[in-house]
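Everything on this sheet refers to the single structure shown next.
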Amino acid sequence: MSNQFDDETGFETLAIRAGHDRTNEGEHSEAIFPTSSYVFKSAAEAAARFSGAESGNIYSRFTNPTVRTFEKRLAALEGAERCIATSSGMAAIAATFFGILKSGDHVISSSSIFGVTNVLMENFLKKMNIEVTYVDLIDIHSWEKAIQDNTRILFLETPSNPLGDIADIQALADLAHANDALLVVDNALCTPALQKPLKFGADIVIHSATKFIDGQGRCMGGAVLGTEDVVGTDVFAFLRTAGPTMSPFNAWVFLKGLETLKLRMNAHSANALEIATWLGKQPGVVKVHYCGLKSHAQYDLASKQQSGFGGIVSFEMKDKEAAWKVIDATQMLSITGNLGDTRSTITHPATTTHGRLTPELQAAAGINDGLIRLSVGLEDIDDIKVDLQRGFSAIQS
Ligand SMILES: *Cc1c(COP(=O)(O)O)cnc(C)c1O
């Protein structure tokens, strides 16, 4: 964080100004540095940089001024010592696992996680002889029971995607720490504008910047945040060596995204709450999942951990046929797997984002064939309703 800011500085101020060290050109908006390497004044300076004796830019696989500005700003927003930016959210998760874990370690993961994260664990962690046990996100006893001597990481997303289940971050951080393990929280759905997991004891926060941090569906990116000790060493070492690097152009787009993050997350949350409430009254809708509804089983916990409930709402139709009918009748909503966009998106998780999961994992994650996920965007709320209404009419006719 730049010197001019302290613990009292407001979120919106940090989101707009933190991390930017102006160059001699006096640029007002952050500069993009599209350069792969940097020039040294002498052989001795080059040697000092490479050895780490002197800090400074070396090579953009792991040091780039635009990317660093993004890292510093996001670190300020999450309240983290260190941030490592990556080429995608999956790269952030892979860098965390492969930077920290070794053969023979054990991971406990919520079964309600992003589908590809499941695939990473099943196809790659297991191949490296790293055990994975899946547990019920909201059942603390299932996490306790899964602890082993070699457990190194507890991994979760909260709220879960697509069902919006809420994990008790503080309780799981305590459990992790009592067993010499790290709690890793994927905070892509809330962003620091709505939730700061480190404050509740999490050790590492992960982001897919592709989602709400960009906010307009343009760029791929990710981030890992935590202490200098873990993220600044093990995770950074993986990034430096394996190279899943964020591009400076993408970092610049994400910087612009951060500047409006709070405003957008509040607007997404307000639209989502209204849509969730409205969906509950529509014919053919069997169930609505949104942690901002007072009827949600963990509404109180969500209210404690989050300052808003986010943009993801899901709801169940009676079967796959009805779900597909609703999706196909919409004309404005985008049928796409992406989320966290100004444009509202509609998805059938069982056959798309979560389609590569085994039937057992799908069931454990609560993904049934009638489930539809909405990422509620920032269009006029009435237009979103009109479009969904086409689907409900199609079912009745
Ligand atoms: C999209 C997403 C990811 C993966 O991020 P990419 O940028 O697509 O690689 C990870 N976790 C969550 C919760 C996501 O929504």
Side-chain angles (χ1 to χ4, degrees), residues 67 70 74 78 83-98 107 109-125 137 153 155-167 169 184-195 197 202 204-225 239 242-247 250-251 253-254 257 265 268 272 289 291 306 309-314 334 336-341 345-347 349 352-357 361 365-367 373-377:
V67 175
F70 169 74
L74 188 58
E78 285 283 7
C83 171
I84 305 289
T86 57
S87 54
S88 69
M90 286 318 302
I93 297 172
T96 302
F97 287 158
F98 294 121
V107 173
S109 171
S110 158
S111 51
S112 310
I113 54 175
F114 185 65
V116 188
T117 309
N118 265 129
V119 179
L120 179 70
M121 292 177 180
E122 287 298 298
N123 291 5
F124 293 94
L125 288 194
L137 177 71
I153 282 179
F155 183 91
L156 61 87
E157 291 168 23
T158 182
S160 70
N161 169 19
L163 295 185
D165 289 339
I166 307 293
I169 299 173
V184 179
V185 176
D186 181 335
N187 197 29
L189 292 202
C190 273
T191 81
L194 302 183
Q195 171 173 272
I204 293 179
V205 166
I206 284 177
H207 280 288
S208 167
T210 317
K211 309 295 168 49
F212 289 103
I213 289 179
D214 175 326
Q216 297 180 50
R218 299 161 293 194
C219 289
M220 302 292 303
V224 185
L225 298 108
L239 174 91
T245 307
M246 177 180 284
S247 87
N250 287 7
V253 172
F254 296 136
M265 293 313 292
H268 280 291
H289 302 270
C291 61
Q306 303 169 214
F309 301 106
I312 309 302
V313 174
S314 62
S334 312
T336 172
N338 198 28
L339 58 83
D341 198 303
T345 68
I346 188 163
T347 312
T352 60
T353 53
H354 292 67
R356 285 163 76 195
L357 265 60
L361 279 175
I367 315 281
R373 183 190 73 194
L374 295 175
S375 171
V376 182

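The residues of the chain are indexed from 1 along the displayed sequence. Each ligand, and each atom within it, is numbered from 1 in the order the structure gives. These numbers were taken from a predicted model, which means no experiment stands behind them.
Taking CZ of Phe114 as the reference point, atom CG of Asp186 lies at 9.0 Å (rounded to 0.5 Å). Considering OG of Ser375 and CD1 of Ile346, their distance stands at 11.0 Å, rounded to 0.5 Å.
Atoms of ligand 1 found under 4.0 Å from any heavy atom of Glu157, numbered from 1 in the order shown, are 13 (C).
Using cut-offs of 30° and 60° on the angle between ring planes, the pair Phe254 and Phe70 is tilted.
Nearest protein heavy-atom neighbour of atom 4 (C) of ligand 1: Phe114 CE2, 3.4 Å. For atom 8 (O) of ligand 1, the nearest protein heavy atom (residue, atom name, distance) is Met220 CE, 3.7 Å. Closest to atom 7 (O) of ligand 1 among all protein heavy atoms lies Thr210 OG1, 2.6 Å. Annotation: atom 1 (C) of ligand 1 to nearest protein heavy atom, Lys211 NZ, 1.3 Å. Of all protein heavy atoms, the one closest to atom 12 (C) of ligand 1 is Asp186 OD2, 3.4 Å. Looking at atom 9 (O) of ligand 1, its nearest protein heavy atom turns out to be Met90 N, 2.9 Å.
Exactly one of Thr210, Leu374, Ile312 qualifies for a side chain to side chain contact (heavy atoms under 4.5 Å, CB included) with Leu339. That residue is Ile312.
Between Ala91 and ligand 1, no N or O atom pair is found at a separation short of 3.5 Å. For the pair Gly89 and ligand 1, the shortest N or O to N or O distance falls below 3.5 Å. Remark: ligand 1 and Ser208 share an N or O pair separated by less than 3.5 Å (distance only, no angle test).
The nearest pair of heavy atoms linking Pro159 to Leu189 is O-CD1, 3.7 Å.
With sequence neighbours excluded, no residue satisfies side-chain hydrogen bond (donor to acceptor under 3.5 Å, both in side chains) with Ser109.
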